[in-house]
Amino acid sequence: MIIAVDGPAASGKGTLAEGLARHYRLPHLDTGLLYRAVGLAVADREDGPDFEPAAIAAAQGLDPAQLADRDALTSAEAGVLASKVAVIGPVRAALFDFQRSFALQPGGAVLDGRDIGTKICPDADVKLFIQADSKARMERRARQLEKRGLVVDRYALYHQIEARDARDMLNPNGGFYKAADAHLLDTTLLDIEAALRAAIEIVDRTMALKAGDR
Ligand SMILES: Nc1ncnc2c1ncn2[C@@H]1O[C@H](COP(=O)(O)OP(=O)(O)OP(=O)(O)O)[C@@H](O)[C@H]1O
Ligand SMILES: Nc1ccn([C@@H]2O[C@H](COP(=O)(O)O)[C@@H](O)[C@H]2O)c(=O)n1
């Protein structure tokens, strides 16, 4: 079973995907980490003349070991850098096979990101599109960063998330939209447990309907 979980920054898709992976005993890939790792690899060339070729080379040579440093990868700065390399077509092409092969492993997988249901796994068994209002997403990210002892400027963080969302939505190479066959799940008013229960209900219902159609 392949489950695609897409949505904007700090919508809670990673947390949901982890919960679904535990519930269905499936492997999980947070595809944002791939773009974050590429972005960090070329941070010193940000907005420079060789940023794009360096990002393409970094994506082509990405080693899974680069996904280990979660503190660095989940920083706000890494998120900004990720969204800057994510608009580079050859970067997306270089990361496609890694994501696709993860999804096609025996038994399936849960992948979360921006374009899983539209580009990486249009054939996914179940597609969820997670959303939450901007204020809720900013607050969730702020608390996430504060739990790590970081001082957070909520005003700056709000606008940083808005800017990243805009860059993502305008990404000509992206596919960052809700797939026609994706189930929309708004988690603005749901806590983590309630959101997971709702997601499991969608997956179970969708898979039961598919089984009934066979
Ligand atoms: N429904 C929820 N209610 C409250 N907090 C939540 C909810 N879902 C997730 N969170 C918290 O919000 C923060 C961001 O969640 P998560 O990392 O899953 O979002 P994301 O969409 O994967 O973010 P990004 O796309 O930026 O990686 C985490 O600290 C998580 O614990
Ligand atoms: N499938 C994806 C996943 C992510 N991106 C880009 O990476 C940025 C960081 O992603 P997070 O999920 O960790 O927030 C994101 O803003 C996108 O720009 C992508 O392009 N495709």
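Worth knowing before you read on, the calculation uses all heavy atoms, side chains too, and leaves out hydrogens, waters and symmetry mates. This chain uses plain numbering: 1 for the first residue, then up along the sequence. Indexing begins at 1, ligand by ligand and atom by atom, following the structure's order. Everything quoted here is computed from the prediction, not taken from an experiment.
At the shortest separation from atom 9 (C) of ligand 2 among protein heavy atoms lies Arg164 NH1, 3.3 Å. Ranking protein heavy atoms by distance to atom 6 (C) of ligand 2, first place goes to Ala86 CB, 3.8 Å. Of the protein's non-hydrogen atoms, the one nearest atom 3 (C) of ligand 2 is Thr31 OG1, 3.5 Å. Ranking the protein heavy atoms by distance from atom 12 (O) of ligand 2 puts Arg114 NH1, 2.8 Å first. For atom 5 (N) of ligand 2, the closest heavy atom belonging to the protein is Tyr35 CD1, 3.6 Å. When hydrogens are left out, the protein atom nearest atom 17 (C) of ligand 2 is Asp168 OD1, 3.3 Å; that is the closest non-hydrogen contact. Shortest contact from atom 21 (N) of ligand 2 to any protein heavy atom: Arg92 NH2, 3.0 Å. Distance from atom 13 (O) of ligand 2 to its nearest protein heavy atom, with residue and atom name: Arg36 NE, 2.6 Å.
Remark: Leu111 CG to Leu29 CG distance equals 5.0 Å, nearest 0.5 Å.
For the pair Arg36 and Leu40, the minimum side-chain heavy-atom distance is 4.5 Å or more.
Between Glu139 and Arg143 there is a salt bridge, since at least one side-chain N of the basic residue sits less than 4.0 Å from a carboxylate O of the acidic one.
In the hydrophobic clustering of this structure, Ile202 groups with Tyr24; members are Ile, Leu, Val, Met, Phe, Trp, Tyr whose side-chain heavy atoms approach within less than 4.5 Å, directly or through other members. Using a 4.5 Å cut-off between side-chain heavy atoms of Ile, Leu, Val, Met, Phe, Trp and Tyr, with links allowed through other members, Phe176 and Ile161 fall into different hydrophobic clusters. Residues Val87 and Val42 fall within the same hydrophobic cluster, defined by Ile, Leu, Val, Met, Phe, Trp and Tyr side chains chained together at heavy-atom separations under 4.5 Å.
Which parts of ligand 2 touch Lys13 is read off a 4.0 Å heavy-atom cut-off, strictly below it: atoms 12 (O). In the vicinity of Phe176, heavy-atom distances shorter than 4.0 Å reach the ligand 2 atoms 19 (C), 20 (O). Interface atoms of ligand 2 facing Ala82, defined by a heavy-atom separation under 4.0 Å, are 7 (O), 8 (C), 9 (C).
Pocket lining of ligand 1, defined as residues with a non-hydrogen atom under 4.0 Å away: Pro8, Ala9, Ala10, Ser11, Gly12, Lys13, Gly14, Thr15, Arg36, Arg114, Arg140, Arg141, Gln144, Arg164, Leu190, Asp191, Ile192.
The backbone N or O of Met138 lies less than 3.5 Å from no partner atom in the side chain of Arg154, so there is not a single donor-acceptor pair. Side chain of Asp168 to backbone of Arg114: no donor-acceptor contact under 3.5 angstrom is found.
Inclusion of Asp115 in the set of residues having an N or O under 3.5 Å from an N or O of ligand 2 is warranted. Below 3.5 Å of separation, one finds no N or O of Asn171 facing any N or O of ligand 2.
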Practice task
Take Leu33 and Arg70 through the test side chain to side chain contact (heavy atoms under 4.5 Å, CB included) and record every step on the way to the result.
Solution key: CA-CA 8 Å; Leu33 294 177; Arg70 294 302 166 94; 3.2 Å; yes
Practice task
Please lay out, stage by stage, how Thr187 and Arg140 fare under the test side-chain hydrogen bond (donor to acceptor under 3.5 Å, both in side chains).
Solution key: CA-CA 11 Å; Thr187 65; Arg140 289 173 182 177; 2.9 Å; yes
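Every ring pair (Phe, Tyr, Trp, His ring centres under 6.0 Å) that His159 has, sequence neighbours left out, goes to Tyr155.
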Check residues 54-68 and write down every donor-acceptor pair under 3.5 Å in which the side-chain atom is one partner and the other belongs to a residue at least two apart or another chain.
unit_1 : atom_1 : unit_2 : atom_2 : d
Asp63  : OD1    : Ala65  : N      : 2.7
Gln66  : OE1    : Asp63  : N      : 2.8

Contacts table for residues 120-130: side-chain donor-acceptor under 3.5 angstrom, sequence neighbours left out:
unit_1 : atom_1 : unit_2 : atom_2 : d
Asp123 : OD1    : Arg100 : NH1    : 2.9
Asp123 : OD2    : Arg100 : NH2    : 2.8
Asp125 : OD2    : Ile2   : N      : 2.7
Lys127 : NZ     : Gly117 : O      : 2.9
Lys127 : NZ     : Pro122 : O      : 2.8
Lys127 : NZ     : Asp181 : OD1    : 2.9
Lys127 : NZ     : Asp181 : OD2    : 3.2

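Under 4.0 angstrom from ligand 2, the non-hydrogen atoms of Ser83 come from both its backbone and its side chain.
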